**Q** 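I have a structure here, written as structure tokens, and I will follow up with some questions on it.
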Amino acid sequence: MPTGDALSEHNDPGQLNKKARALRDDNPERALDLACRASSLAEELGDREQLAHAWFSKAVCYRQLGRLDEGVRALYEAQEQYQGLQKSESLGYVYHELSSFAQLHEDVGQARQFEEQALRIAEKGGYNELRALALKGLGMIVFKRGDGKGAIEYFFQALAVLRGSGQEAQRASVMHSLARAYEHIGLLQKALDTLQEAEKIYAREGPQYCLAAILNGLGSVNARMGHHSLGLEFHLQSLKIFRAIGHIEGQLTLLYCIGMLAASEGQMERALGFLEESVALSSRSGSKRVLALALSEMAEIQCRREDFAAAESLLSECLRVCDQVEDVSVIGQIKRVLAVYHYSCSDAATAMEYFREALRYNESVSDTQGVITLHVEYALRIGSRGGRSRAIRELEKALRLAEKGEYHAERIDIHQRLHRLFLAGGNSDRAAFHLQAAFECQNAVVALERGAQLEQAALVQEIELLEQRYLSPAANGWQSNEERLRALLQSRYPGLTATEEKICVMIYFNMQSKEMASALNSSHHTINWHRYNIRKKVGLDKGASIRALLARLFTGDSPAPSTK
């Protein structure tokens, strides 16, 4: 029999909702069960606020469990309740969550609209936690569109809002996103430093799911930096946490990645163990894509070990799964492994057919680098069996693609292979030509690397300026002055939009139009249009300075009266 306190808690939707919130990240299934009980109980009691909270928790759990349609319906139920209760802050969180669902449906435009609605509510009501979440969300949207630097500015703004708030777990979450952006633009050391700082926070507090994500990030960055054994260790720590909390998606991704990394390090037995576990888990969870990839990787390892019976069995199962996979890149990978297998078994005719099929799949998704790799791999296998002329033809096809797409490293490799083939065939003129071409490509690569280093140095300077603006002690002045100036603008010029207010603040702080365009993920033309609208709304004559007007407004001097 439950005690009196436990019975009271069981019948209290508020307590059930509180427990559901605490469990959402680490145990979404249990949290969903609690939220459903809270929803039923709140409906019976007529408690609309707790009913809304329960619907919101259900939506978050549905998203984490991959039940997106149910999640969206739950969010709209929560939105309806919060609107009736006039809970603006809670509505902001609904919009933020709707943005997450829109991103999962790859509707970037809708995701941005929802996040901007959340940000407007946060700025109007002074809800800093919501504001930070919305800024982080906007940063992730920009990041997924390939603009790493633009995303970083949003993340810095979110961190500036969270400064001194005590929201350490949320700050670490933003830092995790910031590290991903750093990694995207090639600043691996900054990514590593940021992840290590976030790890310290999550080790003290925060959901285990988030700590696992940070460790996974540390594994990826270390692997990219060439520290493969350290990267593998971080991945294993992350996997241990995902296993403990029963997070299936995290386990699936990591098991396959760990298997691939172990194979690249020559640890074949260990790689097979993790890939076998990946196969078992993906079979239970219904993830056909991961299942097909894991089976094909295992088959390739068995080919390298010359265990052709095991490879054949794995490929037979892989082909069965392949019929249920729609991802063209996965099918192309399987066809490539089938070609490797048949070449290993000295069945060159069948291997050639599979190589051709793999090429067609890679060409259909415009994977030029994949097509180049296939041509080279095909040439290598033909050449190893004495087919020098055919190998040269395949390499020349790869070379034309590499030259067209400016794949310089691939060009060097192909020229060197062609040099060796022509030399072995006694054609010294052609061999000398390709050797000279390889040297010229190498010089071009050195020049490109120097240019890339200069570009990266300039990028680091830009990032440091952003850090000073948002994260240095002086940034506190920016933030407090921004809030005061926007309040003054809203009081005197209520017709200004939120974007126009932001631009006014940037003008006041002497930002150039180019900087504004970058900060707002907009164009120079759009900024000039906003400036024109601002001048009209505040009634400035031609030639008068917007900044001078803002300075007078900020210092308390009465701005010149409108002449419009």
Side-chain angles (χ1 to χ4, degrees), residues 19-35 57 60-68 104 169 172-173 175-177 179-180 195-196 198-224 227-265 267-298 301 314 317 321:
K19 280 192 170 183
R21 278 196 301 275
L23 289 170
R24 280 189 321 223
D25 285 320
D26 289 339
N27 193 341
E29 288 188 356
R30 173 63 177 153
L32 179 60
D33 178 58
L34 291 168
S57 278
V60 175
C61 295
Y62 283 137
R63 172 173 56 77
Q64 292 177 325
L65 294 168
R67 296 158 64 177
L68 302 186
L104 290 170
S173 174
M175 289 164 65
H176 180 213
S177 299
R180 289 180 63 189
L195 283 168
Q196 287 170 342
E199 182 196 6
K200 290 174 187 174
I201 295 171
Y202 275 134
R204 294 194 305 269
E205 57 180 284
Q208 287 295 292
Y209 162 78
C210 297
L211 177 58
I214 293 288
L215 292 168
N216 187 17
L218 283 166
S220 299
V221 174
N222 274 290
R224 277 194 64 185
H227 309 146
H228 292 157
S229 57
L230 188 57
L232 193 58
E233 183 59 37
F234 278 120
H235 279 321
L236 288 169
Q237 290 179 41
S238 179
L239 179 63
K240 184 177 179 182
I241 295 173
F242 278 134
R243 280 172 172 162
I245 64 178
H247 196 282
I248 302 298
E249 185 182 354
Q251 290 180 68
L252 274 175
T253 305
L254 272 167
L255 285 166
Y256 178 68
C257 287
I258 291 169
M260 292 279 286
L261 195 54
S264 70
E265 288 287 280
Q267 302 174 24
M268 298 306 176
E269 290 296 333
R270 194 178 191 191
L272 284 171
F274 284 110
L275 289 167
E276 284 169 2
E277 193 175 346
S278 177
V279 166
L281 189 59
S282 53
S283 298
R284 290 200 303 272
S285 67
S287 178
K288 302 296 182 186
R289 183 180 184 279
V290 176
L291 176 59
L293 283 170
L295 286 167
S296 67
E297 183 66 22
M298 287 175 69
I301 289 172
L314 288 162
E317 177 65 13
V321 177

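All residue numbers in this chain count up from 1 along the given sequence. All values reported here derive from a predicted model rather than from experimental measurement.
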**Q** Looking at residues at least two apart in the chain, or sitting in another chain, which of them share a salt bridge (Lys or Arg N to Asp or Glu O under 4.0 Å) with Arg63?
**A** Glu97
**Q** In chain order, what residues pass the side-chain contact (heavy atoms from CB on, under 4.5 Å) check against Ile248, with sequence neighbours excluded?
**A** Gln251, Leu252, Leu281, Ser285
**Q** Would you find a donor on one side and an acceptor on the other, under 3.5 Å apart, between the side chain of Ser264 and the backbone of Leu261?
**A** yes
**Q** Considering non-hydrogen atoms only, spot the tightest contact between Ala172 and Ala198 and give its length.
**A** O-CB, 3.9 Å
**Q** Listed by chain and number, what are the salt bridge (Lys or Arg N to Asp or Glu O under 4.0 Å) partners of Arg270, not counting sequence neighbours?
**A** none
**Q** Is it the case that over 12 heavy atoms from other parts of the model lie below 6.0 angstrom from the CD atom of Glu29?
**A** no
**Q** So which heavy atom on Glu265 is nearest to which on Ser229, and how close?
**A** OE1-N, 4.4 Å
**Q** Please identify each residue that fulfils side-chain contact (heavy atoms from CB on, under 4.5 Å) with Ala292, with sequence neighbours left out.
**A** Val321, Val325, Val330, Ile334
**Q** Measuring from Leu232:CG to Gln237:CD, what's the distance to the nearest 0.5 Å?
**A** 10.5 Å
**Q** Taking the side chain as every heavy atom from C-beta outward, state whether Asp33 and Arg30 have any atom pair closer than 4.5 Å.
**A** yes
**Q** Which residues satisfy the side-chain contact (heavy atoms from CB on, under 4.5 Å) test with Ala35, sequence neighbours excluded?
**A** Ala20, Ser57, Lys58
**Q** Could you pull out the closest heavy-atom pair between Ala169 and Ile201, with the gap in Å?
**A** N-CG2, 4.3 Å
**Q** Rounded to the nearest 0.5 Å, what's the gap from NE2 on His176 to CD on Glu199? Could you check?
**A** 11.5 Å
**Q** Give every donor-acceptor pair under 3.5 Å between a side-chain atom in residues 215-224 and any protein atom, sequence neighbours left out.
**A**
unit_1	atom_1	unit_2	atom_2	d
Asn216	OD1	His235	ND1	3.1
Ser220	OG	Asn216	O	3.2
Asn222	OD1	His227	ND1	3.3
Asn222	ND2	Leu218	O	2.8
Arg224	NH1	Glu183	O	3.1

**Q** Any side-chain heavy atom of Arg243 within less than 4.5 Å of one from Leu239?
**A** yes
**Q** For a side-chain contact (heavy atoms from CB on, under 4.5 Å) check, start with the C-alpha distance between Glu277 and Ile258, then their side-chain angles and the critical distance, and finish with the verdict.
**A** CA-CA 11 Å; Glu277 193 175 346; Ile258 291 169; over 6 Å; no
**Q** In Å, rounded to the nearest 0.5 Å, how long is the span from CG of Leu272 to CD1 of Ile301?
**A** 4.5 Å
**Q** Is it true that a side-chain atom of Tyr202 and a backbone atom of Ser173 form a donor plus acceptor pair closer than 3.5 Å?
**A** yes
**Q** Do side-chain atoms of Ser278 reach the backbone of Phe274 as a donor and acceptor pair under 3.5 angstrom?
**A** no
**Q** Looking at SG of Cys61 and CZ of Arg67, how far apart are the two atoms once the value is rounded to the nearest 0.5 Å?
**A** 9.5 Å
**Q** Between Val279 and Leu275, is any pair of side-chain heavy atoms under 4.5 Å apart?
**A** no
**Q** Find out whether Lys240 and Leu236 are in side-chain contact, i.e. whether some heavy atom of one side chain is under 4.5 Å from a heavy atom of the other.
**A** no
**Q** Nearest heavy-atom pair of Ser238 and Ala212: which atoms, and what distance?
**A** OG-O, 2.7 Å
**Q** How long is the gap from CG on Leu195 to CZ on Arg180, to the nearest 0.5 Å?
**A** 10.5 Å
**Q** Would you give the length of the straight line joining atom CG of Leu32 to atom CZ of Arg24, rounded to the nearest 0.5 angstrom?
**A** 11.5 Å
**Q** Check each of Leu254, Thr253, Leu255 against Phe242 using the side chain to side chain contact (heavy atoms under 4.5 Å, CB included) test, and report the only one that passes.
**A** Leu254
